[in-house]
Structures are given as C-alpha cells and as structure tokens.
Amino acid sequence: TGFTKEWRQRLSPQFMDALVAIHAFDFRAAELRHFGIPDADPYQAARQRVNFWSRLWREGCQQPNPVFPVVEAWLRDNLPACDELVFVHGDFRTGNYLFDEDSGRITAVLDWEIAHIGDYHEDLAWSLVEIFGARDEEGRYLCSNLMPEDEFIASYEARTGLTVNRETMRFYRVLLAWSV
C-alpha cells in the first residue's frame, strides 16, 4: 500500500491511536471465555505463539523445509518473558484497516481472527514486517508504510508508558518472519 507523505502524516497518529487502544482494552473485565490467558509462567505467551505457528506449519506442510525446524528450535530456546499481558490484534498493520478518503479518518480495524492475549511486542513486530512496509522518498524503511521504526517505537513508548525491549522485539520479528 503506497501513501504520499501527506497521507502518512494524516494516518500515522491514528494508526498509533488504534494500536494503543487495542492494547489498553481491559480483557480481564471482558467476558472472553474462549481466550486463553497465559498465566502459567512468564514465558507462556511466547510459547503459545510458537506452538500456534508450529502447528499451522505442520498441518499445512506440503513439502518439508529443513529451515523450519531449525528456526523453531531457536525460538523455543529464546522465549522472552512477558511481564505485561495485553489484548493483541495479531496482524496489526497497513492493509488491515479502512479509512475514509474524504475525512482522512481511520474507520475500522480489520482481520481479528488471530487476536489473543499476549505480549505487546508481537503487534509491534507485525507492524514492522518488511513485506507490509515501504520506503519513503529518501529510501528510509517505513513500518506499515507510515513511519520509521525508531519513530514508531518512540511514539508507542511515549503513549503507553511501556518499554520496548529490543531483544523481545528480535524474538517476535523472527517468529513473524517464520510465520509468514
């Protein structure tokens, strides 16, 4: 999805507003009986995601790929602890929201089928997956074709008060590259 500089300036704050609102949703007060809350240990949120994607790969595998088990083993050996559980969209990026061209307002967030309770780093990593981004006029990579990674992370930290752990981000970026 290509945006001009003007559209990026209009949509970027709204994109961040939506992400912050999703993560601020009080899932504990909601009746989400079908959502499993990772509470066995601090590594359960990451382990559940590795298990989820591993199962999808095993069930959908047409031809074995020797890289997949190697990456899966690395992921299992490098599970990050999660200290702050949030409601995770699971596929938060440009392409999964609608906006009205006349008003310039984001009107809906789409594709909730893999929403779950987990680590906020996962949604941040989805927004940074390179195939969902683009380069600006100066050649800088823009997450979800909206803003540079450092600006995206700084904005998230400023708005939520949460700290983005770079090693945890690395884990989720590897997980999501493996998953897509």
Side-chain angles (χ1 to χ4, degrees), residues 1 14-61 68-69 71-99 106-133 143-146 149 152-153 155-157 159-180:
T1 303
Q14 297 176 71
F15 182 79
M16 187 58 68
D17 289 344
L19 180 60
V20 169
I22 290 166
H23 291 178
F25 174 71
D26 186 358
F27 66 86
R28 287 182 174 87
E31 291 192 32
L32 301 175
R33 292 183 200 105
H34 59 285
F35 279 73
I37 298 175
D39 58 5
D41 64 66
Y43 303 96
Q44 187 180 5
R47 187 179 309 108
Q48 283 179 340
R49 301 321 294 160
V50 173
N51 290 346
F52 174 80
W53 290 110
S54 176
R55 179 177 171 208
L56 284 178
W57 278 118
R58 278 193 317 274
E59 290 176 359
C61 181
F68 285 18
V71 175
E72 182 178 351
W74 182 90
L75 290 165
R76 291 189 185 284
D77 289 343
N78 291 278
L79 297 172
C82 177
D83 300 323
E84 182 74 32
L85 292 171
V86 300
F87 189 81
V88 175
H89 179 274
D91 193 9
F92 192 78
R93 60 181 173 82
T94 291
N96 281 344
Y97 59 84
L98 300 176
F99 67 92
I106 291 178
T107 58
V109 176
L110 309 173
D111 290 346
W112 292 88
E113 68 273 6
I114 55 176
H116 58 278
I117 309 304
D119 191 323
Y120 59 90
H121 290 88
E122 184 178 353
D123 271 342
L124 297 175
W126 264 115
S127 297
L128 293 168
V129 171
E130 295 241 356
I131 62 171
F132 303 133
C143 83
S144 288
N145 194 20
L146 293 172
E149 180 176 343
F152 174 70
I153 290 173
S155 177
Y156 183 82
E157 288 179 327
R159 289 173 158 207
T160 63
L162 298 170
T163 300
V164 175
N165 180 300
R166 300 306 194 252
E167 282 303 307
T168 301
M169 281 297 293
R170 180 173 175 248
F171 170 85
Y172 280 104
R173 289 179 93 166
V174 170
L175 172 72
L176 297 172
W178 180 63
S179 73
V180 297

**Message:** Please determine whether the number of non-hydrogen atoms from other residues, nucleotides or ligands lying under 6.0 Å from atom CD of Glu113 exceeds 12.
**Reply:** yes
**Request:** Please state whether the rings of Phe35 and Phe87 are parallel, tilted or perpendicular, taking 30° and 60° as the class boundaries.
**Result:** tilted
**Item:** Spatial distance of atom CD (Glu130) from atom CG (Leu176) [nearest 0.5 Å]
**Value:** 13.0 Å
**Request:** Assess the side chains of Arg93 and Asn145: does a donor N or O sit below 3.5 Å from an acceptor N or O?
**Result:** no
**Message:** What I want to find out is whether Arg47 reaches Asp41 closely enough, with some N-O distance under 4.0 Å, to be called a salt bridge.
**Reply:** yes
**Message:** Please verify the inter-ring angle class for Trp178 with Trp57; under 30° counts as parallel, over 60° as perpendicular, anything in between as tilted.
**Reply:** tilted
**Asked** Does the separation of the ring centres of His23 and Tyr156 fall below 6.0 angstrom?
**Response** yes
**Request:** Please examine the side chains of Phe27 and Ile37, heavy atoms only from C-beta on, and report whether any two atoms are closer than 4.5 Å.
**Result:** yes
**Item:** Aromatic ring pairing Tyr97/Phe99, orientation class (parallel under 30°, perpendicular over 60°, tilted between)
**Value:** tilted
**Asked** Once the angle between the rings of His121 and Tyr172 is folded into 0 to 90°, is it parallel (under 30°), tilted (30 to 60°) or perpendicular (over 60°)?
**Response** parallel
**Message:** Within this structure, what is the CG-CG distance for the pair Leu19 and Leu124, rounded to the nearest 0.5 Å?
**Reply:** 6.0 Å
**Prompt:** Going by atom types alone, do His116 and Gln48 pair a side-chain donor with an acceptor below 3.5 Å?
**Reply:** no
